[in-house]
Amino acid sequence: MINYKEIETKWQARWSSARIFEGEISDKPAYMVTAAWPYTNAPQHVGHLRTFGTTDVLARYMRMKGYNTLYPMAFHATGTPILAFAKRLKNNDQDLISELHMFHVPDDEIQKMTDPMYIASYFIDEIEKGMKKAGYSIDWRRKFVSVEPLFSKFVEWQFGILNEKGYIVKGKHPVGWCPNENNAVGMHDTKHDVEPEIDKETAIKFKIDGEDAYLLCTTYRPETIFGVTNVFVNSDVVYALCKVNDEPIPYYMSKATSQMLSYQLKIERISEVKGADLLQRMCLNPINGAKIPVLPGFFVKEDIGTGIVMSVPAHAPFDYVALEKLRSSGYSMPEIKPVKVLEVKKAGAAAEEPYVDMPALAYINLFSKGEKELDAALEEATKAEYKDESHFGVMIVEGYKGMGEMQAREKITADMVKACSAFEIYVIVNNPVFCRCGYRVTVKLVDNQWFINYGDHAWKDRAREAFMSMTILPEKSRKAFESAIDWIDLRATERAQGLGTKFPLNEDHIIESLSDSTIYMSFYTISYLVRSIPIENLKPAFFDYVFLKKGNIDEVSKATGISYETIKRCRESFSYWYPNTSRHSGPDLIFNHLTMYIFNHVAVFHKEYWPKQIVVNGSVLSEGEKMSKSLGNIVPLMDGMEKYGADPLRFVVVAGADLFSDSEFSAEAVRGVDERLEYLYDLARRIDEFESGELKHIDYWLYSKLNRKIRAVTQSIDKLELRGVSTLALYDSIIELKRYLARGGGNGLALRDYVTNVTMLLAPIVPHFSEELWEMLGNGPFVATERWPSADESMISDKIESEEELLDSVIGDSKQVLDLLRKKTGKEPAELVLIVADNWKTMLNNRLAREKNTGKVIKELNLEDEMFKGVDKDRVMKYVNQLLRKRNTLRIISTDQEEEFRLLNESKLYIESVLRCRPVIEKEGSAKSQRAALAMPQRPAIDART
RNA sequence: GCAGGGGUGGCAGAGCCUGGCCAAAUGCGACGGGCUUAGGACCCGCUUCCUUUAGUGGAUGCAAGAGUUCAAAUCUCUUCCCCUGCACCA
């Protein structure tokens with residue numbers, strides 16, 4: 001048994017006292033890795049090993065490759081989550097408390113957590129402990145927190161630059177809003193954590209005939225305005241006549257929605273009426289002036305849109321049915337004829353004959369079969385029709401004829417907005433969404449909102465330029481970045497609430513928490529050097545010099561009061577570490593953080609300090625499921641390491657899957673790794689029992705495998721394809737070692753070389769275990785500072801490996817023969833003759849493999865040739881035919897009969913040990929067996945007898 | 001809807017770029033056997049079908065279909081299905 005806990009403690013202490021992970025400027029080339037900083041409202045669970053562990057693997061690998069490698073860490077506490085956390089604890093939220101208990105947070109600590117800053121500092125300690133225990137090679141001297149004044153100075157400087165460049169702009173923006181708390185509502189603030197989805201709808205004004213008022217309808221399909229036959233209101237709903245945005249003519253909308261819309265329009269209620277009172281009026285279709293009636297619609301909801309809808313019976317199942325209902329109930333109304341505005345150009349669409357003029361009816365019939373509720377059926381029919389029409393619909397009305405529906409929608413909306421007969425409003429699509437406080441979430445159009453304008457063309461071009469020369473791992477996520485860079489546009493950059501740095505253009509607000517985290521990695525290079533400087537001295541001039549080399553040290557020193565020496569050191573540190581960096585994060589951050597990271601770097605820094613590499617990795621599944629609170633399958637990092645040891649856990653989580661795909665954490669997987677580490681450990685322990693001597697065939701085989709492995713692992717780890725590394729370096733190594741020993745290998749020198757190199761290959765992934773092995777093998781002081789092995793190409797031998805494969809296949813074939821013989825005779829086989837094919841067969845094989853034109857080979861065949869001496873001509877031609885049958889897959893064979901013969905002879909003992917039958921090796925030409933003719937190169941004939 | 005990534009044997013997962021030693025690595029599981037007082041661990045074998053009752057033979061096969069090629073899991077096209085993201089939220 002390996003005592004992981006013991007070796008972890010031992011080596012962590014040694015690393016720390018030798019200070020091998022503290023990055024200082026040296027002659028060596030610099031390399032810096034950074035991982036997305038952890039948020040400080042909970043300790044880490046095993047899933048966090050994925051990003052931080054992978055980053056550590058790269059750091060350790062680059063160190064072994066000869067780079068002076070720095071892995072710093074800091075903590076994120078900006079934004080609202082910590083405030084919300086404190087608030088929930090104040091309210092004695094049991095869910096949260098039980099979650100904290102799961103992480104073994106003691107009750108007296110929980111008591112203190114009503115103070116946001118205490119929350120952060122508590123978890124920072126916990127996270128740091130966990131990371132140290134996991135063995136990350138972090139330089140802890142550089143640690144800082146995103147809400148420190150020290151860091152705020154840096155962020156202020158950054159925003160000064162963004163503002164100077166004109167990237168910060170003001171505008172309006174719709175957000176989910178709780179009218180009760182008067183606050184923006186995101187996914188984490190709603191009941192059941194639903195994201196309030198916001199979409200645009202078109203509000204269309206229908207002038208009431210003979211009255212100075214409009215009915216305001218909302219629709220997702222303004223292009224169907226040509227097919228409007230009437231307007232629906234709900235007779236039981238209260239409607240309000242409202243003055244909107246100080247326009248002279250007021251609008252009717254439901255009272256409920258007038259309340260909701262007041263967060264995006266200026267609304268003044270003048271009077272109220274019952275829906276029933278609006279009936280029987282006529283209004284005018286704004287697109288063509290047609291007079292249409294106002295009718296009662298059973299399905300009209302008071303809290304959706306404006307509570308008034310326009311009716312398009314030809315294309316809307318609900319409208320069609322409502323009108324039918326009215327007609328059959330004998331309601332007095334003018335005759336209504338549906339008007340079709342578009343046709344679906346798609347074979348087999350529901351709206352074919354006989355429904356040419358009534359597509360809606362076609363869809364109703366399609367979905368109303370069975371016992372379905374009417375509403376549900378109409379819902380489905382609407383969805384299907386909407387989908388077909390938006391994909392394949394072609395407009396047939398004058399002015400827009402031939403346009404696709406989507407195109408027409410844009411055009412018609414724009415036209416109507418221009419004519420002041422419509423405007424756009426925002427609505428919550430996934431209605432209703434409730435805030436945690438219980439109130440219905442609505443949309444607020446936030447005014448005076450500051451944005452970072454990532455849509456700036458020149459800026460985008462520079463970001464693209466930087467991106468083009470970056471390495472992206474895995475390469476296949478490159479496309480996602482490309483579309484992210486194209487797509488990113490205005491991004492809100494300040495909020496009313498939360499912890500963080502004050503927003504310079506509005507000191508009442510704070511900088512939004514992703515916006516303050518875009519270039520903080522550069523701060524690592526100086527964070528420990530500026531600790532002693534008084535905050536007020538950290539003026540922009542200082543950062544300007546350190547990061548941009550603006551001005552000269554004397555001036556800056558004078559202007560800021562910071563010493564010449566400190567400024568110089570900071571600048572040197574930055575320019576030493578920052579040119580070569582790798583950034584690590586999860587795929588969910590591609591579309592925000594990582595893209596903003598690129599943009600902000602090109603905005604602030606000189607070209608040589610632009611990002612060089614981004615690594616995106618997947619997440620971790622626990623026993624097949626995504627780790628989540630609700631599933632209760634979160635494994636706290638500390639618990640996991642306590643139970644399994646840091647190294648096996650690192651191995652499973654970090655090397656268990658390739659980048660991008662999720663890795664699976666399970667006890668079963670850990671056990672498999674543990675067993676194999678154990679095997680290496682035991683072997684290392686008794687390595688001195690093996691004597692060294694002259695190298696034999698099997699030793700060369702082991703060396704060949706080893707060097708091939710070194711080459712392959714290096715290639716994989718360069719791309720951080722750690723799954724491949726895990727198979728090659730651990731799993732395959734065990735298989736090879738086992739085979740080597742079974743095959744009679746046991747050369748102390750070869751074994752030691754092999755295990756030593758494998759230890760180095762494993763060192764980045766399982767660092768403590770590797771140090772322990774390293775020491776057991778008599779090496780020192782640290783494998784972590786050793787030079788990464790390089791493959792000795794001269795030791796890689798296809799020939800030796802294929803000979804061993806030949807041996808395996810001979811054994812496999814023989815085994816089947818022997819088994820059949822045993823079964824057939826019921827006796828133990830006494831004799832096993834292996835007959836090696838003559839050289840002429842190899843020659844023929846190789847000629848045919850080389851020459852595509854088989855006819856030519858046969859024509860040139862000279863049976864009088866020396867090599868066919870004494871061979872029956874029919875036998876030759878028979879063999880040629882045999883080869884021709886599979887001529888497309890023939891391969892060149894490089895071993896000749898003599899070598900094959902020798903190999904089998906030398907391996908007799910091994911063959912016997914596996915087959916429990918002593919083999920006799922013969923050559924085809926001199927063999928007496930009738931089966932001799934069956935021999936093929938690399939496939940000896942087998943003759944067994946009892 | 002838009003964008004990105006996928007679909008391989010009981011499961012997980014490589015292979016695909018650079019077509020041919022691919023009936024497809026490796027791990028897990030299942031099954032049979034060995035070891036053991038027993039279990040675990042460990043070791044050996046097996047895990048598409050047919051044929052040959054002495055092996056290296058054949059068929060089918062990598063979501064479905066079509067194509068290119070002497071040859072396709074791998075290249076091209078079409079279809080179906082799954083996952084993730086779509087923002088002001090860390």
Side-chain angles (χ1 to χ4, degrees), chain A residues 36 38-39 41 76-82 173-176 184-189 195 197-198 386-387 390-391 406 446 449 451-452 474-484 486-495 498 512-515 517 587-593 618-619 621 624 656-658 660-664 666 668-669 671-673 675-676 678-679 721 723-724 726-728 730-732 735 738 742 802 805 809-810 812-821 823-825 829 852 885-891 914 931 934-936 938-945:
Chain A
Y39 199 78
N41 64 354
H76 199 196
T78 314
T80 48
I82 286 189
H173 185 70
V175 292
V185 177
M187 191 172 87
H188 307 289
D189 311 310
E195 178 77 41
E197 288 172 42
I198 296 170
Y386 186 95
K387 193 174 165 186
S390 61
H391 278 183
M406 299 306 278
V446 177
Q449 170 76 44
F451 296 88
I452 296 184
E475 178 61 29
K476 70 179 164 197
S477 52
R478 181 173 284 275
K479 274 190 186 160
F481 275 99
E482 279 168 8
S483 34
D486 286 344
W487 160 88
I488 196 167
D489 197 10
L490 292 177
R491 161 130 199 152
T493 191
E494 42 99 9
R495 307 192 62 175
E512 181 270 326
S513 44
L514 285 184
S515 299
S517 314
D588 46 334
L589 294 181
I590 293 178
F591 279 82
N592 46 48
H593 166 73
S619 53
L621 303 178
D658 271 327
F660 220 74
S661 41
D662 294 337
S663 68
E664 169 76 19
S666 67
E668 200 49 40
R671 190 181 56 85
V673 170
E675 277 161 15
R676 284 164 180 84
E678 196 97 34
Y679 185 93
E721 286 169 358
R723 167 81 185 197
S726 93
T727 334
L728 290 163
L730 187 60
Y731 286 69
D732 287 357
I735 293 172
K738 281 181 180 172
S802 76
E805 279 163 31
S809 80
V810 169
D813 288 343
S814 305
K815 192 162 179 57
Q816 288 187 42
V817 173
L818 292 175
D819 281 348
L820 276 165
L821 191 64
K823 212 190 283 173
K824 202 172 138 191
T825 63
K852 284 264 190 269
R885 260 190 284 142
K886 41 180 187 177
R887 83 195 109 135
N888 291 326
T889 50
L890 286 183
R891 293 179 314 113
V914 179
R931 306 196 153 265
L934 291 172
M936 289 195 293
Q938 306 228 308
R939 207 110 226 195
I942 298 163
D943 195 354
R945 272 177 228 121

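Order of the sequence lines sets the chain letters (A, B, ...), proteins ahead of strands, with each chain counted from 1. Nothing here was measured: the structure is a model prediction, and the numbers come from that model.
- Annotation: B:A59 and B:A54 have their P atoms spaced 23 Å apart (nearest Å).
- When the P atom is compared between B:A63 and B:A14, the two are found 14 Å apart, to the nearest whole Å.
- Under the Watson-Crick or G-U wobble criterion, with both distances below 3.5 Å, B:C86 is paired with B:G1.
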Listed pairs, N/O of protein and of nucleotides 3-8 of chain B, under 3.5 Å:
from	atom 1	to	atom 2	distance (Å)
B:A3	O2'	A:S483	OG	3.1

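- A gap of 50 Å separates the C1' atoms of B:G58 and B:C2, to the nearest Å.
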| remark: B/S/- along nucleotides 9-19 of chain B (protein heavy atoms under 4.0 Å) is ----SS-----

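- Among the protein residues, A:I590 comes within range of no part of the nucleic acid, since none of its heavy atoms lies under 4.0 Å from any strand.
- OP1 or OP2 of B:C43 sits under 4.0 Å from a side-chain N or O of A:K738.
- Side-chain nitrogen and oxygen atoms of A:S726 include none within less than 4.0 Å of the OP1 or OP2 phosphate oxygen of B:U26.
- A close approach under 4.0 Å does not occur between any side-chain nitrogen or oxygen of A:R495 and OP1 or OP2 of B:A87.
- The gap from the C1' atom of B:U68 to that of B:C77 amounts to 11 Å, rounded to the nearest Å.
- Nucleic acid contact for A:P940: base, since at least one base atom lies under 4.0 Å from a heavy atom of the residue.
- Contact of the A:I82 side chain with the A:Y39 side chain is registered, since non-hydrogen atoms from C-beta on lie closer than 4.5 Å.
- When each of B:A90, B:U56, B:A54 is scored by its nearest atom to the side-chain atoms of A:D943, the top-ranked nucleotide is B:A54.
- If you check every strand for non-hydrogen atoms under 4.0 Å, A:R676 touches sugar and phosphate atoms only.
- Of all heavy-atom pairs spanning A:S517 and A:H593, the tightest one is O-CE1, 3.1 Å.
- Comparing the same atom, P, in B:G27 and in B:U37 gives a spacing of 29 Å after rounding to whole Å.
- At a threshold of 4.0 Å, the pair A:E475-A:R478 counts as salt-bridged, since one of the basic side-chain nitrogens sits closer than that to a carboxylate oxygen.
- Rounded to the nearest 0.5 Å, atoms CD1 (A:I452) and CD (A:E512) are 8.0 Å apart.
- Rounded to a whole angstrom, the distance from the P atom of B:U74 to that of B:C88 is 42 Å.
- For the atom pair CD1 (A:I488) and CG (A:N592), the distance works out to 7.5 Å, reported to the nearest 0.5 Å.
- One finds no side-chain N or O of A:R939 lying less than 4.0 angstrom from the OP1 or OP2 phosphate oxygen of B:G57.
- Separation of the P atoms belonging to B:G20 and B:C75 is 11 Å when rounded to the nearest angstrom.
- Residue-level contact check: A:N41 touches neither bases nor backbone, having no heavy atom under 4.0 Å from any strand.
- No contact: A:H593 has no heavy atom under 4.0 Å from any strand.
- Residue contacts for A:E675: at a heavy-atom cut-off of 4.0 Å it reaches the sugar-phosphate backbone alone, with no base atom in range.
- For the C1' atoms, the distance linking B:C50 with B:A23 amounts to 14 Å, nearest Å.
- When heavy atoms are screened at a 4.0 angstrom cut-off, A:T78 is found touching the sugar-phosphate backbone but no base atom.
- Considering only the side chain of A:N592, B:C89 comes nearest among B:G29, B:C89, B:C86.
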